[in-house]
Amino acid sequence: MADTQTGQGYWIMKSEPSCYSIDDLKRDKKTMWDGVRNYQVRNMMRDQMQAGDLALFYHSSTKEVGVVGVMEIVGKAYPDPTQFDPKSDHPDPTSDPKSPRWLCVDVAFKQKFPQVVSLELLKESKPLQQLQILKRGNRLSVTPVTKNEFECILKMAV
DNA sequence: GCCAACGTTGGC
DNA sequence: GCCAACGTTGGC
């Protein structure tokens with residue numbers, strides 16, 4: 001979500017660490033955030049995400065669920081090449097290469113938190129009650145957060 | 001355009 | 001591995 005003063009956008013982006021973790025990103029320094037196959041998420045990436053935006057890296061479906069670090073959106077969203085790769089995890093044979101359906105974005109490692117800001121802690125935090133990832137049934141892998149929410153989570157990480 | 005069936009997500 | 005919740009698909 002873009003801050004009205006600065007235009008700076010803030011996000012939470014989920015990944016299962018068994019698939020791709022904060023340590024993988026730390027090692028790679030930069031990666032292509034691919035595999036998004038949800039229209040809402042695609043539209044946010046296409047319409048709202050900007051280079052320089054900051055994103056919290058969230059580990060889902062693991063022993064320690066929660067926010068584990070920070071990354072930066074490097075550039076604008078562009079067609080996700082894995083949709084055309086039959087050997088990828090999420091090929092989409094119905095997507096037309098002349099008008100690609102799915103987008104991805106490049107992200108760069110910023111920091112890994114010394115400890116996980118657990119889902120439990122997020123739930124307990126008063127200022128974070130509006131977080132979309134805390135809402136029942138939320139399944140979006142990318143969700144906007146406000147500057148305040150972002151900074152609140154950063155403080156919880158130390 | 002409705003809606004049942006199905007597949008996926010993600011916390012536990 | 002269970003299951004609630006949600007998105008997508010496809011028959012009508």
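If you're wondering where the values come from, they're calculated on a predicted model, not measured in any experiment. Just so it is clear: chains get the letters A, B, ... in the order the sequence lines come, proteins before strands, and each one is counted from 1.
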Is there a side-chain contact between A:Phe113 and A:Leu56 (heavy atoms, below 4.5 Å)?
yes

Quick one: are A:Ser141 and A:Tyr58 in side-chain contact, heavy atoms under 4.5 Å?
no

Please classify the nucleic acid contact of [X] as base, sugar-phosphate, or nothing, using heavy-atom distances under 4.0 Å.
X       : value
A:Ser61 : base
A:Gln40 : sugar-phosphate
A:Lys63 : nothing

Side-chain donor-acceptor pairs under 3.5 Å in residues 40-50 of chain A, sequence neighbours left out?
| from | atom 1 | to | atom 2 | distance (Å) |
| --- | --- | --- | --- | --- |
| A:Arg42 | NH1 | A:Arg101 | O | 3.2 |
| A:Asn43 | OD1 | A:Arg46 | NH2 | 3.2 |
| A:Asn43 | ND2 | A:Tyr39 | O | 3.3 |

Can you list, pair by pair, the side-chain donor-acceptor contacts under 3.5 Å of residues 125-132 of chain A, counting residues two or more places apart and other chains?
| from | atom 1 | to | atom 2 | distance (Å) |
| --- | --- | --- | --- | --- |
| A:Gln129 | NE2 | A:Lys123 | O | 2.8 |
| A:Gln129 | NE2 | A:Ser125 | O | 2.8 |

Would you grab the first and last nucleotide of DNA chain B (5' to 3') that comes under 4.0 Å of any non-hydrogen atom in chain A?
B:dG7 to B:dC12

Should the pair A:Lys26-A:Asp23 be classified as a salt bridge under the 4.0 Å nitrogen-to-oxygen rule?
no

